[in-house]
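To start, the structure under review is shown below, and the notes come after it.
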Amino acid sequence: MRIFDPHIHMSSRTTDDYEAMYAAGVRALVEPAFWLGQPRTSVGSYTDYFDALIGWERFRAAQFGIRHHCTIALNPKEANDPRCREVLDVLPRYLAKDGVVAVGEVGYDSMTKEEDEVFSQQLAMALEHDLPVMVHTPHRDKLEGTKRTLDVVREAGIAPELVIVDHLNEVTVKLVKDSGAWMGFSIYPDTKMDEHRMVEILRQYGLDQMIVNSAADWGRSDPLKTAKTGQAMLDGGFTDADVDKVLWQNPVAFYDQSGRLTLDPLPGFTGEAVTFEGNSVLRGARK
């Protein structure tokens, strides 16, 4: 099983997580810019964070055989804080960097006027830089938030195939599928979506443009939920090829639209996939 985790916040994870992810088959990932859990108070805190995403975290992942990419944006939760708005002026500098494969996470948290403005500005940046977009749907009033998200994307003139709408569930998946955008699902221990519900969604809606991620961060989450979803797919009658499409081919196809993916094996590591069995992992070999 080879895995590309297309949404995981590794800055908040440990090196043990990197080791376990590599052993489970993760060979590449995307880390979206997100909030710290408490308010940022200056633009400098953003630039330090963005510098870490394109530098230190990429280096740290490489020590464990994993190719690290990121997305850059002012996230929806902080779009309402006037102290954060100035970061929009520095985003273009980061959107031109190697390893930045999309604008994101953008979208909605509380569906405010300020979020509307910041969302639209960053969609315009994506068009200017010819980058895909990762969109965060709100945790509250998700159906209306998803409808508004798709309206704003259409108004911006971005091709739907350049957009992934994330944190979907059974209520919102058809809306996004009908729009032509990519469908993202965050697999969590307690909230959002679990691997067994995900299998049923795949059974109902098919595998095309389906993206599964762990979205693991500093809260209760699991960086191996992608592998566990793959195992649940196999247990549910899907084939190895089906799992490879969902966990590798689909996220590669989406982010490759940036022209900035690097997927060759890192020096000192084999490129071979490994087998994930329930909660036990058969470790891949290092050269």
Side-chain angles (χ1 to χ4, degrees), residues 1 3-9 30 32 34 75-77 102 104-111 115 119 132-154 160-217 219-239 241-251 253-254:
M1 189 185 300
I3 300 170
F4 186 129
D5 194 325
H7 181 158
I8 183 168
H9 301 288
V30 170
F34 82 140
N75 75 81
K77 198 169 185 70
E105 300 177 57
V106 297
Y108 290 112
D109 180 59
S110 300
M111 301 285 291
E115 290 171 22
F119 189 11
V133 181
M134 173 185 284
V135 180
H136 176 284
T137 52
H139 300 303
R140 303 173 298 278
D141 202 6
K142 188 174 286 289
L143 179 59
E144 289 305 312
T146 302
K147 289 178 180 177
R148 179 59 184 150
T149 290
L150 295 173
D151 287 343
V152 173
V153 167
R154 279 190 290 268
E161 61 267 21
L162 286 170
V163 178
I164 180 169
V165 184
D166 210 345
H167 306 313
L168 297 182
N169 59 23
E170 292 89 346
V171 175
T172 54
V173 57
K174 188 175 187 303
L175 277 174
V176 179
K177 183 176 178 65
D178 291 345
S179 77
W182 291 72
M183 296 155 280
F185 298 86
S186 299
I187 314 301
Y188 257 48
D190 296 320
T191 60
K192 296 184 176 73
M193 176 68 57
D194 67 32
E195 54 266 43
H196 306 293
R197 289 165 60 196
M198 189 68 234
V199 168
E200 293 308 312
I201 286 176
L202 293 171
R203 205 184 307 280
Q204 181 174 356
Y205 292 98
L207 309 182
D208 291 344
Q209 291 186 273
M210 289 287 190
I211 302 286
V212 170
N213 64 74
S214 69
D217 55 23
R220 185 163 188 268
S221 50
D222 182 352
L224 300 185
K225 277 294 188 181
T226 47
K228 291 173 182 176
T229 300
Q231 187 61 51
M233 288 178 66
L234 294 173
D235 293 343
F238 286 95
T239 66
D242 293 334
V243 172
D244 192 67
K245 179 176 176 62
V246 172
L247 296 187
W248 184 268
Q249 295 175 43
N250 283 356
F254 177 74

Of Val212, Thr226, Leu247, the residue whose pairing with Asp5 passes side-chain contact (heavy atoms from CB on, under 4.5 Å)
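The side-chain contact (heavy atoms from CB on, under 4.5 Å) with Asp5 is passed solely by Thr226 among Val212, Thr226, Leu247.
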
Is there side-chain contact between [X] and [Y], with heavy atoms separated by less than 4.5 Å?
X      : Y      : answer
Asp208 : Lys245 : yes
Val133 : Val106 : yes
Leu202 : Phe238 : yes
Phe4   : Val30  : yes
Asp151 : Arg154 : yes
Ile187 : Asn213 : no
Lys177 : Gln209 : no
Phe185 : Asp166 : no

Could you tell me whether His167 and His7 have their ring centroids closer than 6.0 angstrom?
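Ring centres of His7 and His167 closer than 6.0 Å.
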
Please lay out, stage by stage, how Glu200 and Arg203 fare under the test salt bridge (charged side-chain N to carboxylate O under 4.0 Å, His left out).
CA-CA 5 Å; Glu200 293 308 312; Arg203 205 184 307 280; 3.4 Å; yes

State, to 0.1 Å, how close [X] and [Y] come at their nearest heavy-atom pair, and which atoms those are.
X      : Y      : result
Glu105 : Pro32  : CG-CB, 3.7 Å
Gly180 : Pro160 : C-CB, 3.6 Å
Asn75  : Phe34  : ND2-C, 3.6 Å
Pro76  : His136 : CG-CB, 4.2 Å
Pro138 : Asp141 : CG-O, 4.1 Å
Ala216 : Asp222 : CB-C, 4.1 Å

Where do Val165 and Leu150 land on the side-chain contact (heavy atoms from CB on, under 4.5 Å) test, with the steps shown first?
CA-CA 9 Å; Val165 184; Leu150 295 173; 4.1 Å; yes

Would you give the length of the straight line joining atom [atom1] of [X] to atom [atom2] of [Y], rounded to the nearest 0.5 angstrom?
X      : Y      : atom1 : atom2 : result
Glu115 : Arg148 : CD    : CZ    : 11.5 Å
Ser179 : Lys147 : OG    : NZ    : 13.5 Å
Ser110 : Lys77  : OG    : NZ    : 6.5 Å
Trp248 : Ile3   : CH2   : CD1   : 9.5 Å
Lys225 : Ser186 : NZ    : OG    : 12.5 Å
Glu195 : Tyr188 : CD    : OH    : 14.0 Å

Between Arg140 and Asp109, does any NZ, NE, NH1 or NH2 come within less than 4.0 Å of an OD or OE carboxylate oxygen?
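Salt bridge present between Asp109 and Arg140.
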
side-chain contact (heavy atoms from CB on, under 4.5 Å) between Gln204 and Val173: does it pass, once the steps are laid out?
CA-CA 11 Å; Gln204 181 174 356; Val173 57; over 6 Å; no

Report yes or no: does [X] contribute a side-chain atom to a donor-acceptor pair with the main-chain N or O of [Y] at less than 3.5 Å?
X      : Y      : result
Trp182 : Leu162 : no
Thr229 : Ala227 : no
Asn250 : Leu207 : yes
Asp242 : Thr239 : yes

Leu143 vs Leu175, test: side-chain contact (heavy atoms from CB on, under 4.5 Å). Steps then yes/no.
CA-CA 9 Å; Leu143 179 59; Leu175 277 174; 3.5 Å; yes

Take Met210 and Tyr205, measure what side-chain contact (heavy atoms from CB on, under 4.5 Å) needs, and give me the verdict at the end.
CA-CA 9 Å; Met210 289 287 190; Tyr205 292 98; 3.5 Å; yes

Side chains of Lys142 and Thr137 only: does a donor on one sit below 3.5 Å from an acceptor on the other?
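Their side chains do contain a donor-acceptor pair, which is all the 3.5 Å distance test asks for.
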
